[in-house]
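Note that this is a predicted model, so its numbers are computed, not measured.
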Amino acid sequence: EVQLVESGGELVPAGGSLRLSCVGSGFNFDDYSLGWFRQVPGKEREGISCITPSDGSKFYTDSVKGRFTISSDNAKNTVYLQMNNLESEDTAVYYCAADRYYYCTSYGPIVGNYEHFGQGTQVTISS
C-alpha cells in the first residue's frame with residue numbers, strides 16, 4: 001500500500017524559509033513521479049512543483065519559481081520542498097503526491113494525474 005506522510009509545516013514570518021518533507025512507503029521512488037500541491041479553503045488544490053526522480057525532470061509553477069526547490073532522496077524515499085522568501089500568499093495546506101504512470105512535464109502537476117496523496121501539512125505565513 002502506497003503511503004505518503006508530510007511534515008515540516010509551521011507558522012513562520014514573511015520572508016522566512018521552511019523545508020517540507022514527505023516520506024513515502026510501499027513503492028519505489030525510481031518508478032514514480034512526485035508532486036507538491038497546496039490548497040486554501042474555498043479554492044481548488046493547486047499543483048506547484050513536481051519531480052521525476054528517474055530522469056531528474058522538474059517543474060515549478062510561476063508563483064513559486066525561484067523561491068521553491070524540489071528534491072528527492074531515493075535512498076530515504078523522501079521528497080523535499082525547500083521554500084524560501086515566503087509570502088502571505090503561500091499560506092495553505094501542502095500535500096505531496098505520487099503516481100506510477102505520470103511523468104513530471106512542462107504541464108506541471110495536475111490533481112487528476114496523481115493517484116496517491118498524503119494528509120497534508122499546514123504552512124502559515126504571518127505578515
**Student:** Does anything in residues 4-23 form a salt bridge (charged side-chain N to carboxylate O under 4.0 Å, His left out)? List the pairs, not counting sequence neighbours.
**Tutor:** none
**Student:** With sequence neighbours left out, which residue pairs that include part of residues 67-106 fulfil the ring-ring contact (aromatic ring centres under 6.0 Å, His included) condition?
**Tutor:** Y102-Y114
**Student:** Under the side-chain hydrogen bond (donor to acceptor under 3.5 Å, both in side chains) test, which residues partner S49, sequence neighbours left out?
**Tutor:** none
**Student:** Any pair with a residue in residues 30-41 that passes salt bridge (charged side-chain N to carboxylate O under 4.0 Å, His left out), sequence neighbours left out, goes on the list, sorted by first then second residue, please.
**Tutor:** R38-E46, R38-D90
**Student:** Between T61 and I48, is there a donor-acceptor pair closer than 3.5 Å when you use the side chain of the first and the backbone of the second?
**Tutor:** no
**Student:** Keeping T105 on the side-chain end and Y107 on the backbone end, is there a donor-acceptor pair under 3.5 Å?
**Tutor:** yes
**Student:** Once side-chain hydrogen bond (donor to acceptor under 3.5 Å, both in side chains) is applied, do any residues pair with Q82, and if so which ones, sequence neighbours excluded?
**Tutor:** N84
**Student:** If the condition is side-chain contact (heavy atoms from CB on, under 4.5 Å), which residues does E89 pass it with, not counting sequence neighbours?
**Tutor:** E87
**Student:** Sequence neighbours excluded, which residues qualify as side-chain contact (heavy atoms from CB on, under 4.5 Å) partners of V23?
**Tutor:** T78
**Student:** Run the side-chain contact (heavy atoms from CB on, under 4.5 Å) test against L11 and tell me which residues pass, sequence neighbours left out.
**Tutor:** T124, S126
**Student:** Suppose the criterion is disulfide (SG to SG under 2.5 Å): which pairs have a residue in residues 43-95, not counting sequence neighbours?
**Tutor:** C50-C104
**Student:** Once side-chain hydrogen bond (donor to acceptor under 3.5 Å, both in side chains) is applied, do any residues pair with K58, and if so which ones, sequence neighbours excluded?
**Tutor:** none
**Student:** Heavy-atom count check: over 12 atoms from other residues, nucleotides or ligands less than 6.0 Å from K76 NZ?
**Tutor:** no
**Student:** Using side-chain hydrogen bond (donor to acceptor under 3.5 Å, both in side chains) as the criterion, list what pairs up with T91, not counting sequence neighbours.
**Tutor:** none
**Student:** Just to verify, what does V5 make a side-chain contact (heavy atoms from CB on, under 4.5 Å) with, not counting sequence neighbours?
**Tutor:** none
